[in-house]
Amino acid sequence: MEKDVQKALDDIDSVNPFATYLSDSTLSRVGGWIDTGSYVLNAIVSGSIHGGIPKGRVTMLAGESMTGKSLFVMKILAAAQKEGLIPVIFDTENAIDPEGAERLGLDVSNVKYVPCISIEQTRNALYKFLTTVKEKGLEGKFIVAIDSLGNLQSELSLARMGKDSTSTDMGTNARAMKSLMQTCTNLGAVTQTTILCTNHVYDNPAALFPSIEKNMPGGKSCVYLPSVTIQLARKPVKSDGGKTMDGETAVAQKNYAGIIIRALTRKNRFIKQYLEGEMYLSFASGLDRYFGMIDLAVGVGAVISTGATYQLPDGKKLGYYKNWRKDKELWENTILPVVEERIGKVWSYSNEEEEELPDEVEDEKPKPKPLSDLISDDDE
């Protein structure tokens, strides 16, 4: 009987060279994580503030205009490049310029830039590239970005334009996009190539009530085929005098010093989904790595809120947030290790019961301190 079982399993190997036991599989394992530039975004995607987007997988960043999608792409590519990966950018909007990429840390002399118009053109180029990567044994050496899917058209739509046709066919776009996303997920995993896509979002005009999940161009495959789908939203904010953020306006700049970017994980294969966090992008100084961590720290009990001030679980008083928010030694040595340990347990999928937070922080768990309280007039 054992021989028959083994023979049946061996027959699979004769057809599929990638078949193996799950304990030995490399395709099903994430080979690491790439930093996003934000501790909060790292955390809600990977379950670790020191993680980021998964290597060898497809990650989707979707949001309205000016939510920092291209910014995150450039920062992730720069971080990957420092780890030795070679970036390849498929640009559909002619929006990525060398000077801007250099300011965000990219060595543009070692970035392959591919302008593209159609979905099929992008798919075919990606297929040929990843097939060559596999044939030449170059697995795990590249990171690919497609910015953005929402601006790609099908070859059929382009052909109709050449014939002065006014007819449209949304189904063709969706089918072509599904084929592109299938190429990304299948060949990306086989070649251990990290793929990062951006897309636009829009509300469903037929919905009776607004949904937390927005629609994307290209059909449902853009949501369910990536390993992680992150939805972004934004809110312009004025400088608060340094209480929670750094910000200054330039000459002739009207009021706003930056934007709050809210990230929601609509899909996540690695940890629990529908996790949400806030980041701050200053127009003057860029993305704040630590912004949003106070809410997370209070939520998991690494910091205790006592009205307008804060203290550590051992009773040590920290005072007003503005007085210690830039204390990197406090964050790195005291607060972040506790946050890291607790989110790794309460956010992971498990067949065991979730670990309860300490009794003294139980009241704090469901009520992270809102931004309006952090910048109240009492915080002086």
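Checked for salt-bridge contact, Asp288 and Lys326 miss the test: no charged N lies under 4.0 Å from a carboxylate O. Here Lys82 does not pair with Asp107 in a salt bridge; the nearest charged N to carboxylate O distance is not below 4.0 Å. We find that Lys345 and Glu341 are joined by a salt bridge, their nearest charged nitrogen and carboxylate oxygen being less than 4.0 Å apart. Asp240 has no carboxylate O lying under 4.0 Å from a charged side-chain N of Lys322, or vice versa, which leaves the two without a salt bridge.
Hydrophobic clustering (side-chain heavy atoms under 4.5 Å, transitive across Ile, Leu, Val, Met, Phe, Trp, Tyr) groups Leu336 together with Val346. There is a path of hydrophobic side-chain contacts, each under 4.5 Å, that joins Val40 to Val339. Each of Met216 and Val228 belongs to its own hydrophobic cluster when Ile, Leu, Val, Met, Phe, Trp and Tyr are linked at side-chain heavy-atom distances under 4.5 angstrom.
The backbone N or O of Gln182 lies less than 3.5 Å from a partner atom in the side chain of Thr185, making a donor-acceptor pair. Although no hydrogens or angles enter the test, the distance criterion places a donor-acceptor pair under 3.5 Å between the side chain of Asn42 and the main chain of Thr36. Arg234 contributes a side-chain N or O that, together with a main-chain N or O of Ser65, makes up a donor-acceptor pair within less than 3.5 Å. Of the possible polar contacts, none joining the Glu340 side chain to the Pro337 backbone as a donor-acceptor pair under 3.5 Å is found. No donor-acceptor pair closer than 3.5 Å links the side chain of Ser179 to the backbone N or O of Arg175. Using modelled atom types, one side-chain atom of Ser282 and one backbone atom of Ala284 make a donor-acceptor pair closer than 3.5 Å. When atom types are taken as modelled, the side chain of Lys267 and the backbone of Tyr274 share no donor-acceptor pair closer than 3.5 angstrom. With hydrogens and angles disregarded, a donor-acceptor distance shorter than 3.5 Å links the side chain of Asp91 to the backbone of Ala95. A donor-acceptor pair under 3.5 Å links the side-chain atoms of Trp331 to the main chain of Arg325, judged by distance alone. For the pair Glu102 (side chain) and Val108 (backbone), a donor-acceptor distance under 3.5 Å is absent.
Side-chain atoms of Asp246 and Ser285 include no donor-acceptor pair closer than 3.5 Å. For the 3.5 Å distance criterion, the side chains of Asn199 and Ser148 fail to qualify, holding no donor opposite an acceptor. Between the side chains of Thr193 and Thr191, at least one donor-acceptor pair of N or O atoms lies under 3.5 Å.
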**Q.** Intermediate values then yes/no, salt bridge (charged side-chain N to carboxylate O under 4.0 Å, His left out), Glu93 and Lys69
**A.** CA-CA 13 Å; Glu93 299 178 338; Lys69 298 186 296 295; over 6 Å; no
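Taking the six-membered ring where tryptophan is involved, the planes of Trp324 and Tyr310 are perpendicular, since the angle between them exceeds 60° and thus also 30°. Using bins of under 30°, 30° to 60° and over 60° for the plane-to-plane angle, the ring pair Phe129/Phe142 lands in the perpendicular bin.
With a 4.5 Å cut-off on side-chain heavy atoms, Ile259 and Phe283 count as touching. Side-chain contact between Val190 and Lys134 is present, with heavy atoms from C-beta onward closer than 4.5 Å. Side-chain contact between Lys55 and Glu83 is present, with at least one heavy-atom pair separated by less than 4.5 Å. Residues Arg289 and Ser38 are not in side-chain contact: their nearest non-hydrogen atoms beyond the backbone lie 4.5 Å or more apart. Ile143 has its side chain out of reach of Val88: every pair of non-hydrogen atoms, C-beta onward, lies at least 4.5 Å apart.
The 12-atom threshold is exceeded at CD of Glu155, counting heavy atoms of other residues, nucleotides or ligands nearer than 6.0 Å.
To the nearest 0.5 angstrom, Lys128 atom NZ is 11.0 Å from Arg123 atom CZ. Expressed to the nearest 0.5 Å, how far CD1 of Ile230 lies from CG of Leu41 amounts to 5.0 Å. With rounding to the nearest 0.5 Å, the separation of CG in Leu225 from SG in Cys184 is 9.5 Å. Of the inter-residue distances, the one linking Gln153 atom CD with Ile119 atom CD1 reads 8.5 Å to the nearest 0.5 angstrom. Here Arg103 contributes atom CZ and Met74 contributes atom CE; the two are 12.5 Å apart, rounded to the nearest 0.5 Å. In this structure, OG1 in Thr59 is found 7.5 Å from CD1 in Ile76, a value given to the nearest 0.5 Å.
In this structure, Glu332 and Tyr39 approach most closely via the heavy-atom pair OE2-OH, 2.9 Å. Across all their heavy atoms, Met245 and Phe291 have their closest contact at CE-CE1, 4.2 Å. The minimum heavy-atom distance linking Gly150 with His200 is given by the pair CA-ND1, 4.0 Å. Tyr127 approaches Thr131 most closely through the heavy-atom pair O-OG1, 2.7 Å. Between Val45 and Gly52, the shortest heavy-atom contact is CG1-O, 3.2 Å. Contact record, Ser348 with Ile271: CA-CG2, 4.4 Å, taken as the closest heavy-atom pair.
In this structure, Phe270 has its ring center no closer than 6.0 Å to that of Trp347.
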